[in-house]
Participant: 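Would you mind keeping the following structure in view while I ask a few things?
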Amino acid sequence: MGCCSFVPQEEEKKAETLYTDALAEQFAREAQVPPRPMETKNEIDETGAFVRQPNSFITPFGDKEGELKAEKDRYAIYWAKGCNWSNRPVIARDLLGLQDVIKDQLCTHTGETNKYGHGFRDSEGFQDPITGVHFLSEFYKKANPDFKGRATTPTLVDVVEKKAVNNDYHRLSNYIEVQFRKFQPEDAPDLYPVKYRREIDQFNDWLFPHINNGHYRMAFCQSLSAYNEAFEDFYDSMDKLEQRLETNRFLFGDYITDADIRFFVTIVRWDVSYYKNIGPCKHRIVDYKNIWGYARELYQIPAFKNNTYMHDLALGHDDKDKKLFADYQTRILPQVNFDELWASDGERAKLSRTPEELFLRHPAGETPEEYQSEISFSHWNLPGQADRDPSDSKNSPLDFDASVNPLKGLL
């Protein structure tokens, strides 16, 4: 045997499974997939502020001609661990007991530099195990050959036709809650009560620019003025929600709604991940007494905890064996017991009239048809940049101050 012909089995396996940029380039060339556009180059306005692209696949679910139809085994949610938008429909699906109706598939970076965006690094052959594609953007190309934007998570994919059908994270969880009602258990949680959908939608559309997109407005902006505006906006909004949760167990009262899922996925990331991208923090989540207790209570629910992946969110990037000052995320956070840290003391249950029940339940005898209503259109999907400017208050109007629960005593 020649001196250079032997490769240990472990090293050979590692070499075979390394997803290199060269491999990604090869897959992209075969699939005719272009490089992923960059937020910091393509979604920055003249003031240096980050204005997120609108969602491109926003066909609603419904019974009208051209609308999507709720079917079992037809769709899969493609999502990513680090993406707060993409956790939301998966949490809703699991709360509603739809795991056997709607599949899901985790996406990862591609190659070493992620030049081509979301892919399937952890799957055999770096391919989607459901459809065989290498890149999320292939579903977009199949749906619209002229698509030029970023392929984003979450994306609801028709796995039969292998094409993207909806990436509207503003309303996707609502479609799952309403249009897939016929597949849910009879007494499934009612996360989106018919009587209060207007108030929930309005609040969710306020939550998007001020909280959910707040981190990205700070992380992607290119000017100090845009940063300061986003910084103050986020923390002012957090103060309002801290006040709201002082007398409300959840955002709308005694029961968890779709809005709570949306708030949770942002605040659960703040202290372990988001903070490193935004500079000095005014407050940590643990510094908000009410929000911190609220977040910990939600974390005890399996659908929230199991779709959060705390240690993945906390991963650092420094090599602690080679650097004297490796970052905190590399040195310390991998050792943190998050289940212990996020344990709830149960105190917030005292705010509820039904402390043992977290969810409003569908009444016996209610039919799926009775639960249907047309889901409102989110103006955040309008094509005009001015209509999506997060600093413009007209784009997120509320009938009540965010610190006030308009459904107090009703839900």
Participant: Do other residues, nucleotides or ligands put more than 12 heavy atoms under 6.0 Å from Asp100 CG?
Facilitator: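 No, because the 6.0 Å sphere around CG of Asp100 holds 12 heavy atoms or fewer from other groups.
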Participant: Look at the aromatic rings of Tyr140 and Phe57 and report parallel, tilted or perpendicular, splitting at 30° and 60°.
Facilitator: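 Perpendicular, since the angle between the ring planes exceeds 60°.
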Participant: Can a donor-acceptor pair be found, under 3.5 Å and without considering hydrogens, that links the side chain of Asp387 to the backbone of His379?
Facilitator: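 Pair absent, no side-chain N/O of Asp387 close to backbone of His379.
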Participant: Please examine the side chains of Thr257 and Phe250, heavy atoms only from C-beta on, and report whether any two atoms are closer than 4.5 Å.
Facilitator: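 Not in contact.
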Participant: Using distance only, find each side-chain donor-acceptor pair of residues 278-285 under 3.5 Å and give its atom names and separation, not counting sequence neighbours.
Facilitator:
unit_1, atom_1, unit_2, atom_2, d
Arg284, NE, Asp287, OD2, 3.3
Arg284, NH2, Asp287, OD1, 2.9

Participant: Before accepting this row, confirm whether a basic side-chain N of the pair Asp104/Arg93 lies closer than 4.0 Å to the acidic partner's carboxylate O.
Facilitator: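 Between Arg93 and Asp104 there is a salt bridge, with a charged N closer than 4.0 Å to a carboxylate O.
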Participant: Is there a donor-acceptor contact under 3.5 Å from the side chain of Glu347 to the main chain of Gly293?
Facilitator: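 No.
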Participant: Examine distances only and state if a side-chain atom of Glu177 and a backbone atom of Pro189 form a donor-acceptor pair shorter than 3.5 Å.
Facilitator: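 Side chain of Glu177 to backbone of Pro189, a donor-acceptor pair under 3.5 Å: no, none is there.
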Participant: Taking atom CD as the centre, does Glu30 end up with more than 12 heavy-atom neighbours from other residues, nucleotides or ligands that are less than 6.0 angstrom away?
Facilitator: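 Counting other residues, nucleotides and ligands, CD of Glu30 exceeds 12 neighbours.
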Participant: Once you round to the nearest 0.5 Å, how far does NE2 of His109 lie from CZ of Arg121?
Facilitator: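 That separation rounds to 8.5 Å.
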Participant: Within the distance-only criterion (no hydrogens, no angle test), does the side chain of Gln222 pair as donor or acceptor with the backbone N or O of Phe220 below 3.5 angstrom?
Facilitator: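 Yes; judged by distance alone, with no hydrogens or angles, the pair exists.
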Participant: Just by distance, do the side chain of Arg388 and the backbone of Leu382 share a donor-acceptor pair under 3.5 Å?
Facilitator: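 Yes, Arg388 side chain to Leu382 backbone: donor-acceptor pair under 3.5 Å.
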Participant: Do Arg197's NZ or CZ and the ring of Phe252 fall within the cation-pi criteria of under 6.0 Å and 45°?
Facilitator: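 Not flagged: Arg197 not positioned over aromatic ring of Phe252.
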Participant: Is it true that Glu186 and Arg361 have a side-chain N and a carboxylate O under 4.0 angstrom from each other?
Facilitator: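 Judged by the 4.0 Å cut-off on N to carboxylate O distance, Glu186 and Arg361 do not form a salt bridge.
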Participant: Find out whether Pro154 and Tyr78 are in side-chain contact, i.e. whether some heavy atom of one side chain is under 4.5 Å from a heavy atom of the other.
Facilitator: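 Contact flag for Pro154/Tyr78 side chains = no.
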Participant: Do Gln105 and Thr131 have side chains that get closer than 4.5 Å, going by heavy atoms?
Facilitator: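 Result no, sub-4.5 Å side-chain heavy-atom pair not found.
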Participant: Taking Arg296 for its side chain and Ala343 for its backbone only, find out whether a donor-acceptor pair lies under 3.5 Å.
Facilitator: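 It does hold such a pair.
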Participant: Rounded at 0.5 Å granularity, tell me how far CG in Asn395 sits from CG in Asp205.
Facilitator: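 It comes to 10.0 Å.
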Participant: Between the main-chain N or O of Val404 and the side-chain N or O of Arg244, is there a donor-acceptor pair closer than 3.5 Å?
Facilitator: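 Indeed, once roles are kept as given, a pair shorter than 3.5 Å links the two residues.
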Participant: State, yes or no, whether a side-chain contact exists between Asp236 and His210 at a heavy-atom distance under 4.5 Å.
Facilitator: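 Sidechains of His210 and Asp236: no contact.
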Participant: Is the distance between the ring centroids of His311 and Phe338 under 6.0 Å?
Facilitator: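 Yes.
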Participant: Tell me which one of Asn166, Asn55, Asp201 satisfies side-chain contact (heavy atoms from CB on, under 4.5 Å) with Arg171.
Facilitator: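 With Arg171 as partner, Asn166, Asn55, Asp201 yield a single side-chain contact (heavy atoms from CB on, under 4.5 Å), made by Asp201.
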Participant: Let me confirm one number: the CG-CG distance from Asp389 to Asp45, rounded to the nearest 0.5 Å.
Facilitator: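 Atom-to-atom, Asp389:CG and Asp45:CG are 6.5 Å apart.
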Participant: Looking at Ala402, is its backbone amide N or carbonyl O close enough to the side chain of Trp206 to form a donor-acceptor pair, meaning the two atoms are under 3.5 Å apart?
Facilitator: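 Side chain of Trp206 to backbone of Ala402, a donor-acceptor pair under 3.5 Å: no, none is there.
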Participant: Would the Phe61 and Tyr75 ring centres measure less than 6.0 Å apart?
Facilitator: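 They qualify: ring centres under 6.0 Å apart.
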Participant: With salt bridge (Lys or Arg N to Asp or Glu O under 4.0 Å) as the test, would you mind laying out the steps for Glu161 and Arg74 before giving the verdict?
Facilitator: CA-CA 9 Å; Glu161 297 190 17; Arg74 182 86 190 190; 3.2 Å; yes
Participant: Does Glu374 come within less than 4.0 Å of Lys64, counting only side-chain N to carboxylate O?
Facilitator: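 Here Glu374 pairs with Lys64 in a salt bridge, since their nearest N and O are under 4.0 Å apart.
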Participant: Any side-chain heavy atom of Lys81 within less than 4.5 Å of one from Leu106?
Facilitator: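 Yes, at least one pair of side-chain atoms sits under 4.5 Å.
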Participant: Verify the neighbour count for atom NZ of Lys69: are there more than 12 heavy atoms of other residues, nucleotides or ligands below 6.0 Å?
Facilitator: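 Counting neighbours around NZ of Lys69, more than 12 heavy atoms of other residues, nucleotides or ligands fall under 6.0 Å, so yes.
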Participant: What is the distance from atom OH of Tyr19 to atom CZ of Phe126, rounded to the nearest 0.5 Å?
Facilitator: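 Rounded to the nearest 0.5 Å, the OH-CZ separation comes out at 7.0 Å.
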Participant: Compute the ring centroids of His170 and Phe208, then answer whether they are less than 6.0 Å apart.
Facilitator: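 Yes - the distance between ring centres of His170 and Phe208 falls below the 6.0 Å cut-off.
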Participant: Among Glu356, Glu297, Glu357, which one satisfies salt bridge (charged side-chain N to carboxylate O under 4.0 Å, His left out) with Arg249?
Facilitator: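 That would be Glu297; it is the only one of Glu356, Glu297, Glu357 passing the salt bridge (charged side-chain N to carboxylate O under 4.0 Å, His left out) with Arg249.
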Participant: Any chance you could lay out the side-chain hydrogen bond (donor to acceptor under 3.5 Å, both in side chains) test for Asn212 and Thr266, step after step, and finish with the verdict?
Facilitator: CA-CA 6 Å; Asn212 299 140; Thr266 291; 3.0 Å; yes
Participant: Where does the angle between the aromatic ring planes of His362 and Tyr371 fall among parallel (under 30°), tilted (30 to 60°) and perpendicular (over 60°)?
Facilitator: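 Geometry flag for Tyr371 against His362: perpendicular rings.
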Participant: May I have the step-by-step check of side-chain hydrogen bond (donor to acceptor under 3.5 Å, both in side chains) for Glu25 and Tyr116, ending in yes or no?
Facilitator: CA-CA 8 Å; Glu25 195 79 41; Tyr116 294 98; 2.7 Å; yes
Participant: Is the shortest heavy-atom distance from the side chain of Pro209 to the side chain of Trp380 under 4.5 Å?
Facilitator: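 Side-chain contact under 4.5 Å: yes.
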Participant: Which residues pass the salt bridge (Lys or Arg N to Asp or Glu O under 4.0 Å) test with Asp63, sequence neighbours left out?
Facilitator: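 With sequence neighbours excluded, Asp63 shows a salt bridge (Lys or Arg N to Asp or Glu O under 4.0 Å) to no residue whatsoever.
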Participant: Whether the side chain of Ser273 engages the backbone of Ala314 through a donor-acceptor N/O pair (distance < 3.5 Å, no angle test) should be reported.
Facilitator: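 Side chain of Ser273 to backbone of Ala314: no pair is present.
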Participant: Taking all heavy atoms of Ser373 and all of Val178, pick out the closest pair and write down the distance.
Facilitator: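 Shortest heavy-atom separation between Ser373 and Val178 comes out as N-CG1, 4.1 Å.
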Participant: Among Leu96, Leu98, Val90, find the residue that satisfies the side-chain contact (heavy atoms from CB on, under 4.5 Å) test when tested with Asp94.
Facilitator: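 For Asp94, the side-chain contact (heavy atoms from CB on, under 4.5 Å) test succeeds with only one of Leu96, Leu98, Val90, which is Val90.
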Participant: When you check the gap from the basic side-chain N to the acidic O, do Lys162 and Asp158 get nearer than 4.0 Å?
Facilitator: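 A salt bridge is absent here (no side-chain N lies under 4.0 Å from a carboxylate O).
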Participant: I want to check a possible cation-pi pair here: Lys163 against Phe139, using under 6.0 Å from ring centre and within 45° of the ring axis as the test.
Facilitator: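 Cation-pi check for Lys163 and Phe139: fails.
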Participant: Mind telling me whether Tyr274 and His215 have parallel, tilted or perpendicular rings, with 30° and 60° as the class edges?
Facilitator: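 The rings of His215 and Tyr274 lie parallel, inter-plane angle below 30°.
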Participant: I need the Tyr299 OH to Ser344 OG distance, nearest 0.5 Å.
Facilitator: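 Reported to 0.5 Å precision, the distance equals 12.5 Å.
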Participant: Is any side-chain N of the basic residue among Arg52 and Glu43 closer than 4.0 Å to the acidic one's carboxylate O?
Facilitator: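 The answer is no: the pair does not qualify as a salt bridge.
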Participant: How are the rings of Tyr235 and Trp270 set to each other: parallel, tilted or perpendicular (split at 30° and 60°)?
Facilitator: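 Judged by the thresholds at 30° and 60°, the geometry between Tyr235 and Trp270 is perpendicular.
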Participant: Walk me through whether Asp258 and Arg88 qualify under salt bridge (Lys or Arg N to Asp or Glu O under 4.0 Å).
Facilitator: CA-CA 9 Å; Asp258 181 86; Arg88 297 175 348 186; over 6 Å; no
Participant: About how many Å separate CD1 of Ile261 and CG of Leu95, when rounded to the nearest 0.5 Å?
Facilitator: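 If I round to the nearest 0.5 Å, the distance is 5.5 Å.
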Participant: Tell me if the centroids of the rings in Phe263 and Tyr294 come within less than 6.0 Å of each other.
Facilitator: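 Ring-ring flag for Phe263/Tyr294: true, centres closer than 6.0 Å.
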Participant: Checking Ser352 side chain against Thr354 main chain: does a donor-acceptor pair fall under 3.5 Å?
Facilitator: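 Checked: pair present.
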Participant: Are Glu246 and Leu351 close enough that some pair of their side-chain heavy atoms sits under 4.5 Å apart?
Facilitator: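 Answer no - side chains too far apart.
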Participant: Can you check whether Phe264 and Phe304 have ring centres sitting under 6.0 Å from each other?
Facilitator: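 Distance test on ring centres: under 6.0 Å, yes.
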